[in-house]
Amino acid sequence: MRINQRVDEIPLSRTLALDALAKDLAASGRDIINMTAGEPDFDSPQLVRDSAKKAIDGGRVKYTPAPGRLELRQTIAEFLTRTREVEFTASQITVCHSGKHALSGSLLTLISEGDEILMLLPAWVSYVEQIRFAGGKAVGVLPRADMGPDFDALGEALTPQTRGIMINSPNNPSGYVTTPEEFERLTQFAQEHNLWILSDEIYGRLTYEDKPYASPVQFGPDARERTIIVDGASKMFAMTGYRIGFVAAPPHIANAVARLHSQLTGAPNAISQEAYQAALKSEPPEVELMCDAFRKRRDHVLARLAKMGLHTPHPGGAFYVFPNIRSHWPSGDCDAFCEAILDVSGLAIVPGSAFGVTGHVRLSYAASMQTIDAGLDRLEHFIAPRA
Ligand code: PLP
């Protein structure tokens with residue numbers, strides 16, 4: 001039976017496929033260390049669990065308004081006002097079923113057939129497919145060697161069809177945190193060329209340095225008018241299975257996303273809305289503990305990679321490192337590298353090509369120190385003879 005062509009062309013997410021392959025191999029008896037994880041290896045905070053149970057026991061499990069409960073939208077607006085240091089109101093917020101859902105809703109709302117979107121690389125695997133599905137074309141813009149935005153390349157990628165820019169800071173897969181100066185340049189560029197900016201800030205809470213976290217909305221009224229923020233509970237509160245996130249945008253965009261979702265998916269999960277609201281209102285102490293643990297792991301991983309002679313762009317946030325493998329694998333063919341290391345050493349990691357940048361691999365440190373060290377031992381053994 002024939003199916004819709006755009007759906008037919010959608011591949012399974014490569015990170016999810018690799019994770020599934022690693023789990024299958026382990027289930028079949030192979031000794032596999034899996035460093036592909038895209039979710040915190042921590043339980044959701046106690047407050048989140050208690051609030052979810054209370055919502056169920058209190059019967060607050062019915063449909064809510066399509067853009068989410070007003071109380072939650074107000075709490076999200078307060079959270080953004082606090083963390084982004086610019087005023088937000090509930091009219092700018094649409095609650096969604098996840099960060100992924102917030103992204104797809106925004107892209108379906110913003111993109112018209114044939115629009116080109118400049119996607120700052122490396123970029124999370126789902127962007128390209130979501131842009132294509134919405135009728136647009138993702139134009140990847142290669143980064144500098146430190147994984148920061150290359151403004152010359154950005155200018156060169158511009159065409160009369162360009163409508164928007166997608167940026168993700170802290171970045172998956174590199175952990176790169178865009179600096180305020182870079183956001184300033186980016187927002188000026190967007191203003192000059194009349195582009196919207198989609199800012200995926202899902203890892204915003206997971207930063208490990210004293211530098212203040214920046215968002216494009218902080219760079220004046222024009223930048224605010226053209227920025228759509230996507231964020232959610234998955235990473236910040238270790239709530240990946242709750243499936244809850246939001247879009248923050250100028251009211252007419254937030255409203256359009258809500259109208260779209262009212263027809264496509266309906267109101268977000270009522271139980272998750274309540275749990276998310278409780279967590280946002282008074283950040284549970286587990287979040288800071290999780291960030292401390294990630295910071296320690298990051299420092300440990302970076303020190304070990306440096307000892308191995310692998311150059312790693314500095315990751316200021318998220319829970320990934322993105323070392324360059326060319327020093328030990330001159331072809332830079334990261335797909336072949338990941339296949340070989342899985343086959344020979346039983347280490348599952350993700351090739352940079354999945355994110356549009358070859359010559360690098362992504363290792364997730366959302367795993368216990370013991371697993372991390374076992375994985376790094378395998379990496380070290382694998383590359384040692386190739387130095
Ligand atoms: N954005 C980025 C960069 C991500 O890495 C992810 C998940 O891995 C998401 C968005 C979506 O998160 P979720 O759909 O769980 O909210």
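Along the sequence shown, the residues carry numbers beginning at 1. Every value quoted in this text rests on a predicted model; they were computed, and no experiment measured them. Atoms within each ligand, like the ligands themselves, are counted from 1 in listed order.
Proximity of S234 to ligand 1, defined as any heavy-atom pair under 4.0 Å, is confined to the side chain (atoms from C-beta onward).
Note on ring orientation: taking the six-membered ring where Trp is involved, the planes of Y203 and Y320 are perpendicular (angle over 60°, cut-offs 30° and 60°).
Of the candidates M236, K235, E39, K100, K235 brings a heavy atom nearest to atom 7 (C) of ligand 1.
Using a cut-off of 4.0 Å between Lys/Arg side-chain N and Asp/Glu carboxylate O, R304 and D373 are scored as salt-bridged. Residues E182 and R144 are paired through a salt bridge, judged by an N-O separation under 4.0 Å between the basic side chain and the carboxylate.
The shortest N or O to N or O distance between N168 and ligand 1 is not below 3.5 Å. Considering backbone and side-chain N/O atoms, Y203 comes within less than 3.5 Å of an N/O atom of ligand 1. Ligand 1 has no nitrogen or oxygen under 3.5 angstrom from a nitrogen or oxygen of T240. At a 3.5 angstrom cut-off on N or O pairs, G99 counts as close to ligand 1.
Proximity to D200 (heavy-atom distance under 4.0 Å) selects the following atoms of ligand 1: 1 (N), 2 (C), 3 (C), 10 (C). Proximity to I202 (heavy-atom distance under 4.0 Å) selects the following atoms of ligand 1: 1 (N), 2 (C), 10 (C), 12 (O), 16 (O). Ligand 1 places these atoms under 4.0 Å from at least one heavy atom of R243: 13 (P), 14 (O), 15 (O).
The CG atom of L280 lies 8.0 Å from the CD atom of Q277; values are rounded to the nearest 0.5 Å.
Side-chain contact of Q370 with S368: a donor-acceptor pair under 3.5 Å is absent, judged by distance alone.
The side-chain heavy atoms of T162 and V139, taken from C-beta on, include no pair separated by under 4.5 Å. With a 4.5 Å cut-off on side-chain heavy atoms, F183 and I167 count as touching.
The closest protein non-hydrogen atom to atom 9 (C) of ligand 1 is W124 CH2, 3.4 Å.
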